[in-house]
Trainee: 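Take a look at the following structure, please.
Sequence positions, counted from 1, serve as the residue numbers for this chain.
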Amino acid sequence: MKIHDLVQPLPVNVNPVGSRLTKSTELSLPFYRQLGRTNLTVSCLGLGGGLGISSEDTLYAFDQGINYFFYSSDLHHYIYSSMSGALRQLCGRGSSVREKVVLAAVTYIKSPEMAIAALLDQFVELQIDYIDVLFWGWIGSNDGQALQDCLQLSPDLRGANSVYQRTIERMFGTSERLKKMGAVRYIGASFHDVNLASSWLNSPLLDVVMVRHNVAHRSAQESVFNQLDSQDSQRPGIVTFKSTGSHSGFLLETPFNLPERCWRPSVPDLYRYSLSQNSVDVCLTGLRCREEIDAAIAGVQRGNLTTDELHYLNLYGDLHRNKLQLQDILPEQLIYCS
């Protein structure tokens, strides 16, 4: 069954007893959307290989409607490589479904001189005609100049008849898809510094911005998401990652002293949290198996989180980071399981 065949609402596993439900409960969470100003139609759930998902389950994810795949050839490659067979099948030369897939590849080598080497790794391993989005990865607070240098390559990297397309053609041979799309269609950057991300939101050299975001680390909401008009056809695409935690720990570990009956969010709830934010197009997931794929899709089918649910998860995140104590929270701000 494909995601667009799922038309019945799925059961909700929490009952916000005493909370003020808002009209946002009636709003659906579109599974497919345009990725910012690109012409890519993407699933709101993206699948990365960082937790070692198999090729079989990667193909299962595609069969269920997920079409955004994130792949690394030069960091954590051993883990990512378990999905490479599926990506060769979906995106390799001769694939009958290539145009239905959005392949996002990343390099963590922040050097313009190494760009062709990063491309070669991807093209050799996945046997592809083109990459939909090439990300410069792990852009931290000290990488501003390096990113600027790398993004100066954007006109040479992306689109048909580019310098890098001609280089790839000489090495791998010409194909109709490569001539039409170019070696790289769009350029992205994965930021670990939201202020730096904010400074690049309006650059014509950057098509997609990826930032860390979860209930405990919400700075991207003000610095990035709320700086954009979600209806602006010229805004960059927005992708989130680290929905379930990062340096502060796994967010399913219950905050100290949280009352027993309080809602404890599931992993799909944490994905919904990011997808309920302004201008977010894709939430990148680290799904490990088809059961987790099914659960994540079912979560999206439940629609946007309500205002009260979003507020509760903000409090949950603050408790998790010890930024707030339980006695500072009004009882009516809590949400209880039925």
Side-chain angles (χ1 to χ4, degrees), residues 35-36 42 44-51 68-72 75-76 79-80 104-108 110 133-144 146-147 150 187-201 203 206-228 230 235-253 255 265-288 296 299 305 310 313-323:
L35 182 60
V42 293
C44 65
L45 294 171
L47 179 59
L51 292 180
Y68 183 96
F69 299 97
F70 183 83
Y71 192 74
S72 170
L75 185 65
H76 314 307
I79 301 173
Y80 275 83
V106 61
T107 177
Y108 297 95
K110 295 181 278 286
V133 186
L134 178 65
F135 280 93
W136 298 103
W138 210 309
I139 307 300
S141 56
N142 296 323
D143 294 320
L147 177 63
C150 289
I187 299 295
S190 174
F191 290 92
H192 285 250
D193 183 314
V194 294
N195 293 321
L196 191 57
S198 178
S199 70
W200 282 96
L201 288 178
S203 172
L206 187 61
D207 305 303
V208 184
V209 171
M210 186 158 72
V211 290
R212 179 184 68 179
H213 176 257
N214 58 53
V215 299
H217 300 89
R218 304 190 298 272
S219 55
Q221 291 172 205
E222 185 60 34
S223 298
V224 178
F225 309 156
N226 292 339
Q227 301 303 313
L228 300 170
S230 63
R235 70 167 175 84
I238 299 294
V239 179
T240 66
F241 65 99
K242 294 290 186 184
S243 296
T244 61
S246 52
H247 63 273
S248 63
F250 187 43
L251 288 168
L252 267 65
E253 295 175 356
S266 65
V267 169
D269 291 329
L270 297 176
Y271 296 150
R272 287 173 70 210
Y273 179 82
S274 287
L275 290 171
S276 296
Q277 306 297 328
N278 178 62
S279 298
V280 172
D281 300 310
V282 178
C283 175
L284 185 63
T285 71
L287 303 170
R288 297 170 294 185
L305 292 169
L310 288 168
L313 289 179
N314 290 343
L315 298 174
Y316 179 96
D318 288 343
L319 288 171
H320 198 274
R321 291 189 67 186
N322 296 316
K323 294 176 64 177

Trainee: Is it the case that the side chain of Asn214 and the backbone of Lys242 share a donor-acceptor pair, with hydrogens and angles ignored and the cut-off at 3.5 Å?
Mentor: yes

Trainee: Taking the side chain as everything from C-beta on, heavy atoms only, tell me whether Leu196 gets closer than 4.5 Å to Ser141.
Mentor: no

Trainee: Determine the minimum heavy-atom distance between Ile139 and Ala189, stating which atoms define it.
Mentor: CG1-CB, 4.4 Å

Trainee: Mind listing the closest non-hydrogen atom pair of Phe135 and Phe70 along with its distance?
Mentor: CD1-CE1, 4.0 Å

Trainee: Heavy-atom count around Arg288 CZ within 6.0 Å, excluding the residue itself: above 12?
Mentor: no

Trainee: For Leu305, is there any backbone N or O sitting under 3.5 Å from a side-chain donor or acceptor partner on Ser276?
Mentor: yes

Trainee: Examine distances only and state if a side-chain atom of Asp207 and a backbone atom of Ile187 form a donor-acceptor pair shorter than 3.5 Å.
Mentor: yes

Trainee: Do Val267 and Thr285 come within less than 4.5 Å of each other through their side chains, counting heavy atoms only?
Mentor: no

Trainee: Under a 3.5 Å distance rule, please check whether Ser198 uses its side chain to pair with a backbone N or O of Val224 as donor and acceptor.
Mentor: no

Trainee: So, for Cys283 and Ser274, which heavy atoms are closest and what is the spacing to 0.1 Å?
Mentor: SG-CB, 4.3 Å

Trainee: Let me confirm one number: the CZ-OG distance from Arg212 to Ser190, rounded to the nearest 0.5 Å.
Mentor: 11.0 Å

Trainee: Taking all heavy atoms of Ser230 and all of Asn278, pick out the closest pair and write down the distance.
Mentor: CB-OD1, 3.5 Å

Trainee: Let me confirm one number: the CG-CG distance from Asn142 to Leu147, rounded to the nearest 0.5 Å.
Mentor: 13.0 Å

Trainee: Using 0.5 Å steps for rounding, measure from the CG atom of Asp281 to the OG1 atom of Thr240.
Mentor: 10.0 Å

Trainee: State which residue, out of Asp143, Val106, Thr107, fulfils the side chain to side chain contact (heavy atoms under 4.5 Å, CB included) condition with Trp136.
Mentor: Thr107

Trainee: Would you mind reporting whether Gln277 and Asn226 have side-chain heavy atoms less than 4.5 Å apart?
Mentor: no

Trainee: Without hydrogens or angle criteria, can the side chains of Asp269 and Ser266 be said to hold a donor-acceptor pair below 3.5 Å?
Mentor: yes

Trainee: Give a yes-or-no answer on whether the side chains of His320 and Glu253 include a donor-acceptor pair shorter than 3.5 Å.
Mentor: no

Trainee: Which heavy atom of Ala216 sits nearest a heavy atom of Leu251, and at what distance?
Mentor: CB-CD2, 3.8 Å

Trainee: Using side-chain contact (heavy atoms from CB on, under 4.5 Å) as the criterion, list what pairs up with Asn314, not counting sequence neighbours.
Mentor: Arg218, Tyr273

Trainee: Please name the residue in the list Val211, Val209, Val194 that meets the side chain to side chain contact (heavy atoms under 4.5 Å, CB included) test with Phe225.
Mentor: Val211

Trainee: Nearest 0.5 angstrom please: Tyr68 OH to Leu45 CG, how far?
Mentor: 12.5 Å

Trainee: When rounded to the nearest 0.5 angstrom, what is the spacing between OH in Tyr316 and CG in Leu270?
Mentor: 7.5 Å

Trainee: Under the ring-ring contact (aromatic ring centres under 6.0 Å, His included) test, which residues partner Tyr271, sequence neighbours left out?
Mentor: none

Trainee: What's the shortest heavy-atom distance between Lys110 and Cys150, and which atoms?
Mentor: C-SG, 3.7 Å

Trainee: I need the Leu287 CG to Leu51 CG distance, nearest 0.5 Å.
Mentor: 8.5 Å

